[in-house]
Structure formats: structure tokens, C-alpha cells
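The structure appears right after this line, and notes come after that.
FYI, side chains are in, hydrogens and waters are out, and symmetry mates aren't considered; it's all heavy atoms of this structure.
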Amino acid sequence: KPYEYFAYKWIPGGSDFVGDVTTVPHTLVEFNIIEQGDGSCKVVLKESGFASLPKEMAEKAFGMNSGGWNYFILDAFKKYFEVK
């Protein structure tokens, strides 16, 4: 849904992966963009699927992602869309 929702499947540690992501363990990363009454928007990020990953991969991915999304994605959104 353009302007409201987008999602993708992510392979923890799979930055060099080429192929069908549904054939390997992965998580689902979802972004919901909610318009606020004051002309701003709220971005809600949800990543699911950790329980379906192999245990070692899940623990490592969860640890890496606990603060990474804020730093790499959400802060970048804020800077990009900030009205100056």
C-alpha cells in the first residue's frame, strides 16, 4: 500500500544471498506509516519470524536488530523527511 505500508523478507546475515528468500530462514520486516493530525506521520516498525529461525541465528539476529533499526532506518527516515 503506497504511502501507508511496505514490507520485505530479511535474511539475518544474508547480505550476499542471491535466490528465493522464501527457501531459507528469514524474518518479515513491516513498516506502517500513519498520518497524524498535525501534518506529521508516525512510522511503526515490526519485525516478526524470529521463532522460525534456527536458535543460534535467532539469538544473534534479535541482538543485532534490537537497536539497529532505530539507528539505520528510522533515524534516516527522520533526517530525510525533516522539515527545515
field: Nearest non-hydrogen partners of Leu28 and Ala7, listed with the distance
entry: CD1-CB, 4.1 Å
statement: For Ile11 and Pro25, the nearest pair of non-hydrogen atoms, with its separation, is CG2-O, 3.8 Å
message: If the condition is side-chain hydrogen bond (donor to acceptor under 3.5 Å, both in side chains), which residues does Ser40 pass it with, not counting sequence neighbours?
response: Asp38
- request: Count the heavy atoms belonging to other residues, nucleotides or ligands that lie under 6.0 Å from CD of Glu4, then report whether that count exceeds 12.
  value: yes
- prompt: Are Val43 and Tyr8 connected in the hydrophobic side-chain network, where two residues link if heavy atoms are under 4.5 Å apart?
  reply: yes
- prompt: Can you list the other members of the hydrophobic cluster that holds Val44, where links are side-chain heavy atoms under 4.5 angstrom apart?
  reply: Ile34
- request: Check side chain to side chain contact (heavy atoms under 4.5 Å, CB included) between Phe6 and all other residues, then give those that pass, not counting sequence neighbours.
  value: Phe31, Ile33, Phe77
- request: Just grab all the ring pair (Phe, Tyr, Trp, His ring centres under 6.0 Å) pairs involving residues 36-61, residues at least two apart or on different chains.
  value: Phe50-Phe62
query: Quick check: does any side chain N or O of His26 sit under 3.5 Å from a backbone N or O of Lys9, one acting as donor and the other as acceptor?
result: no
query: Can you tell me how far the CD atom of Gln36 sits from the SG atom of Cys41, to the nearest 0.5 Å?
result: 7.5 Å
- request: Determine the minimum heavy-atom distance between Gly49 and Ser52, stating which atoms define it.
  value: O-OG, 2.7 Å
message: Checking Glu30 now: which residues fulfil side-chain hydrogen bond (donor to acceptor under 3.5 Å, both in side chains) with it, not counting sequence neighbours?
response: Tyr5
